[in-house]
Amino acid sequence: MRTRKLVLLSLITAQAIVIHYIEGFIPLIAPGAKLGLANIMTLVTLFVFNVKYAFVVSIIRIILGSLLGGNIMGIIYGLVGGMLSLTIMSLLKRHSNIFSLIGISTAGAAFHNIGQLMTASIIYSTKGILFTYLPVLMLASAVTGYFTGLASDFIINHFNKFIKA
């Protein structure tokens, strides 16, 4: 059983890295606003396995995906945003009787953007970027978080059928 879990987690991680890399070629909705498609695999890991594995998949995906895409600064922004996002999603998952997967995904997208804006605010020593750009990214996170949650729900349902087979 451990080997099967390791293989499944390795495949999820590889898919997340590939999606992260491919997403770099998709035109941005707004500067800094990506679709967050690689977060689908983080959500799948969080709901099918557990938060510990989701953190590992997310960290590996952010580091390797950013290196493959040639975006070294993306590692810093991605790690802060990704870890904040995953922390919030794991807290909300504990109350999945209240929050849907789409709601959890949308909250994760919002906090990912908040983490990245906080990082930019620190790096560039200005709070203006945080308050000026926050509304734009919150609107983008509502749309992308909804889509990511919807896709994750679809994959999780089919993944669970696969695991039981």
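As a basis for the values below, the full set of heavy atoms in this structure was taken, side chains included, without hydrogen atoms, waters or symmetry mates. Being a predicted model, the structure only gives us computed values, none of them experimental. We're numbering straight along the sequence, starting at 1.
Between the side chain of Ser66 and the backbone N or O of Ile63, no donor-acceptor pair lies under 3.5 Å. A donor-acceptor pair is defined here as one N or O able to donate and one able to accept, closer than 3.5 Å; no such pair exists between the side chain of Thr126 and the backbone of Ser121. Judged purely by atom type and a 3.5 angstrom limit, Asp153 has no side-chain atom pairing as donor or acceptor with the backbone of Gly149.
Hydrophobic clustering, with ILVMFWY side chains joined whenever heavy atoms are under 4.5 angstrom apart, groups Leu134 together with Met118. Residues Ile59 and Phe111 share a hydrophobic cluster, clusters being chains of Ile/Leu/Val/Met/Phe/Trp/Tyr side chains in contact below 4.5 Å. Side-chain heavy atoms closer than 4.5 Å link hydrophobic residues (I, L, V, M, F, W, Y) into clusters, and following such links, even through other members, never connects Leu11 to Phe55. Cluster membership for Ile26 and Ile62, using ILVMFWY side-chain heavy atoms within less than 4.5 angstrom, is shared. Residues Val80 and Tyr133 do not share a hydrophobic cluster, clusters being chains of Ile/Leu/Val/Met/Phe/Trp/Tyr side chains in contact below 4.5 Å.
Atom-to-atom distance recorded for Thr45:OG1 and Asn39:CG is 10.5 Å, nearest 0.5 angstrom. For the atom pair CG of Leu150 and CD1 of Ile102, the computed distance is 4.5 Å after rounding to the nearest 0.5 Å. To the nearest 0.5 Å, the span separating CG on Leu91 from CZ on Phe99 amounts to 10.0 Å. Rounding to the nearest 0.5 Å gives a distance of 9.5 Å between CG of Leu137 and CD1 of Ile114. From Leu8, atom CG reaches atom CZ of Arg4 across 6.0 Å, with rounding to the nearest 0.5 Å. Leu139 contributes atom CG, which lies 9.5 Å from atom OG1 of Thr144 (distance to the nearest 0.5 angstrom).
Hydrophobic side-chain contacts under 4.5 Å tie Met73 into a cluster, directly or through other members, with Ile76, Tyr77, Ile123, Tyr124.
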query = Could you walk me through whether Ile40 and Leu37 pass the side chain to side chain contact (heavy atoms under 4.5 Å, CB included) check?
reply = CA-CA 6 Å; Ile40 293 170; Leu37 299 175; 4.2 Å; yes
Evaluation steps, side chain to side chain contact (heavy atoms under 4.5 Å, CB included), between Leu35 and Phe147 = CA-CA 9 Å; Leu35 295 175; Phe147 176 75; over 6 Å; no
message = Please determine whether side chain to side chain contact (heavy atoms under 4.5 Å, CB included) holds for the pair Lys34 and His20, giving the CA-CA distance in whole Å, both sets of side-chain angles, and the decisive distance to 0.1 Å.
response = CA-CA 10 Å; Lys34 292 171 53 174; His20 181 103; 4.1 Å; yes
task = For side chain to side chain contact (heavy atoms under 4.5 Å, CB included), just list the numbers for Met89 and Leu92, CA-CA rounded to whole Å, side-chain angles, deciding distance to a tenth of an Å, and then say yes or no.
result = CA-CA 5 Å; Met89 290 190 301; Leu92 294 178; 5.8 Å; no
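Here the closest heavy-atom approach between residue Ser85 and residue Ala109 is recorded as OG-N, 4.4 Å. When all heavy atoms are compared, the tightest approach of Val44 to Ser152 is CG2-O, 4.4 Å. The two atoms that bring Ser141 and Asn113 nearest to each other are CB-ND2, 3.3 Å, heavy atoms only. Shortest non-hydrogen contact noted between Ser105 and Gly145 is OG-O, 2.7 Å. Across all non-hydrogen atoms, the minimal contact from Met41 to Ile19 is CG-CD1, 4.0 Å. The two residues Ser58 and Met83 have their closest heavy-atom pair at OG-CE, 3.6 Å.
Other residues, nucleotides and ligands place more than 12 heavy atoms under 6.0 Å from the CZ atom of Phe49. By the 6.0 Å contact criterion, OH on Tyr21 is open, its count of non-hydrogen atoms from other residues, nucleotides or ligands being 12 or less.
Annotation: cation-pi geometry satisfied between Lys93 and Phe47 (NZ/CZ under 6.0 angstrom from ring centroid, within 45° of ring axis).
Applying the ring pair (Phe, Tyr, Trp, His ring centres under 6.0 Å) criterion to Tyr146, with sequence neighbours excluded, gives no partner residue. For Ile17, the side chain to side chain contact (heavy atoms under 4.5 Å, CB included) criterion is met by Thr13, Ile60, Arg61, Leu64, Leu68, not counting sequence neighbours.
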